[in-house]
Amino acid sequence: ARFRSQLAPKRVDFIKRHKGIIPVPIGGSTKGTTLAFGQWGIRIKGNGVRLTAKQLTSAEDAIKRKIKTIKGAKVYMRVFPDIPVCQKGNETRMGKGKGAFEFWATRQVLLSCLLYCNSAHPLFVFRVPTGRVIFELGGAPIREELAREALRLAVVKLPTAMEFIDKCAPPRLGRLLLEP
């Protein structure tokens with residue numbers, strides 16, 4: 001059962017899907033590396049990483065707790081897990097089907113090695129590349145010090161290096177900053 005507070009798609013056609021191939025990032029696309037909705041945000045600075053929905057919701061809760069005093073402030077989450085991933089149990093013999101549904105993943109390009117989660121409970125997980133914006137703050141005017149502190153509390157909950165950005169931050173192409 002999916003509840004409103006969980007990060008998972010409302011409906012999928014097939015719960016077991018082909019793994020597909022990891023696309024090779026060619027060309028110069030900078031989509032998703034700058035702010036679109038808010039004034040302040042964080043984006044991945046280190047290697048691309050897989051994030052669980054539990055990590056994302058705890059980071060979002062930390063931000064909301066810090067900025068709840070500002071009337072009209074909003075938190076925008078720019079990524080969402082929507083691809084089902086199935087895994088077989090440890091020490092299972094070959095054959096006998098694909099395995100049970102385990103967690104959700106994203107359609108993003110994976111730029112680094114995967115973090116494997118061994119858990120009996122289904123996790124909602126997705127992979128996010130370097131330079132992708134994760135959270136944005138906006139809605140009402142927010143002071144930079146307060147935005148930095150709120151986003152710092154969120155970064156503590158996430159397993160990769162992040163950078164604080166504003167509206168005038170240049171886009172990122174992988175690890176390369178594109179200066180105008």
Side-chain angles (χ1 to χ4, degrees), residues 2-10 29-83 103-117 119 121-180:
R2 179 193 163 273
F3 300 105
R4 289 180 77 175
S5 61
Q6 291 178 331
L7 289 178
K10 288 183 181 171
S29 175
T30 59
K31 183 178 178 182
T33 62
T34 56
L35 297 180
F37 305 107
Q39 304 161 335
W40 314 103
I42 53 173
R43 69 179 166 199
I44 294 185
K45 188 178 181 181
N47 287 335
V49 70
R50 275 200 318 196
L51 303 171
T52 66
K54 192 171 184 180
Q55 290 167 338
L56 272 183
T57 51
S58 65
E60 187 179 24
D61 290 344
I63 294 173
K64 286 180 178 178
R65 244 190 328 271
K66 190 67 180 178
I67 65 166
K68 71 180 176 184
T69 59
I70 301 171
K71 189 175 285 280
K74 291 185 179 179
V75 179
Y76 300 97
M77 191 183 305
R78 295 278 305 271
V79 289
F80 189 79
D82 62 346
I83 300 291
F103 56 84
W104 293 98
T106 191
R107 295 174 199 224
Q108 310 296 337
V109 180
L110 180 64
L111 296 179
S112 69
C113 62
L114 302 178
L115 301 173
Y116 291 99
C117 300
S119 174
H121 306 295
L123 297 173
F124 303 109
V125 179
F126 56 91
R127 307 169 199 161
V128 184
T130 302
R132 184 61 51 99
V133 175
I134 305 295
F135 287 107
E136 294 185 25
L137 291 179
I142 302 172
R143 291 192 334 265
E144 182 177 357
E145 304 84 39
L146 185 63
R148 274 187 188 275
E149 179 61 21
L151 292 171
R152 185 194 64 78
L153 292 173
V155 168
V156 170
K157 312 278 186 196
L158 301 173
T160 185
M162 301 275 184
E163 65 178 336
F164 180 81
I165 59 172
D166 59 357
K167 271 287 196 197
C168 60
R172 215 178 231 287
L173 183 58
R175 294 175 184 252
L176 179 68
L177 272 175
L178 299 176
E179 297 292 339

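Numbers for residues simply follow the sequence, beginning at 1.
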*asked:* If the condition is side chain to side chain contact (heavy atoms under 4.5 Å, CB included), which residues does A36 pass it with, not counting sequence neighbours?
replied: R78, E136

*Test side-chain contact (heavy atoms from CB on, under 4.5 Å) on Q39 and I142 and set out the steps.*
CA-CA 8 Å; Q39 304 161 335; I142 302 172; 4.2 Å; yes

*Nearest-0.5 Å distance, CZ of residue R152 to CD1 of residue I63*: 12.0 Å

*For S58 and K157, which heavy atoms make the closest approach, and how far apart are they?*
OG-CB, 3.8 Å

_Once salt bridge (Lys or Arg N to Asp or Glu O under 4.0 Å) is applied, do any residues pair with E163, and if so which ones, sequence neighbours excluded?_
R43, R172

*asked:* In the structure I gave you, are the side-chain heavy atoms of Y76 and L35 within less than 4.5 Å of one another anywhere?
replied: no

*For K66, which residues count as a side chain to side chain contact (heavy atoms under 4.5 Å, CB included) partner, sequence neighbours excluded?*
L146, E149, A150, L153

*Inter-residue atom distance I67.CD1 - L137.CG, 0.5 Å rounding*: 5.0 Å

_Partners passing salt bridge (Lys or Arg N to Asp or Glu O under 4.0 Å) against E179 (at least two apart in sequence or in another chain)_ = none

*Report the distance from atom CG of L178 to atom CG of L176, rounding to the nearest 0.5 Å.*
5.0 Å

_A side-chain contact here means heavy atoms from C-beta on lying under 4.5 Å apart; do T160 and V155 qualify?_
no

*asked:* Among residues at least two apart in sequence or on other chains, which ones pass salt bridge (Lys or Arg N to Asp or Glu O under 4.0 Å) with K64?
replied: E60

*asked:* My understanding is that only residues two or more places apart in sequence, or in another chain, count here; which of them pass side chain to side chain contact (heavy atoms under 4.5 Å, CB included) with F164?
replied: W40, E144, A147, R148, L151

_Would you say that I44 contacts L158 through its side chain, given a criterion of any heavy-atom pair below 4.5 Å between the two side chains?_
no

*With I165, the side-chain contact (heavy atoms from CB on, under 4.5 Å) member among V133, I42, T33*: V133

*Heavy-atom pair with the smallest gap, counting every atom of I70 and P141*: CG2-O, 4.3 Å

*Which residues satisfy the salt bridge (Lys or Arg N to Asp or Glu O under 4.0 Å) test with R65, sequence neighbours excluded?*
none

*List the atom of A73, the atom of A140, and the distance in Å for their closest heavy-atom pair.*
N-CB, 3.9 Å

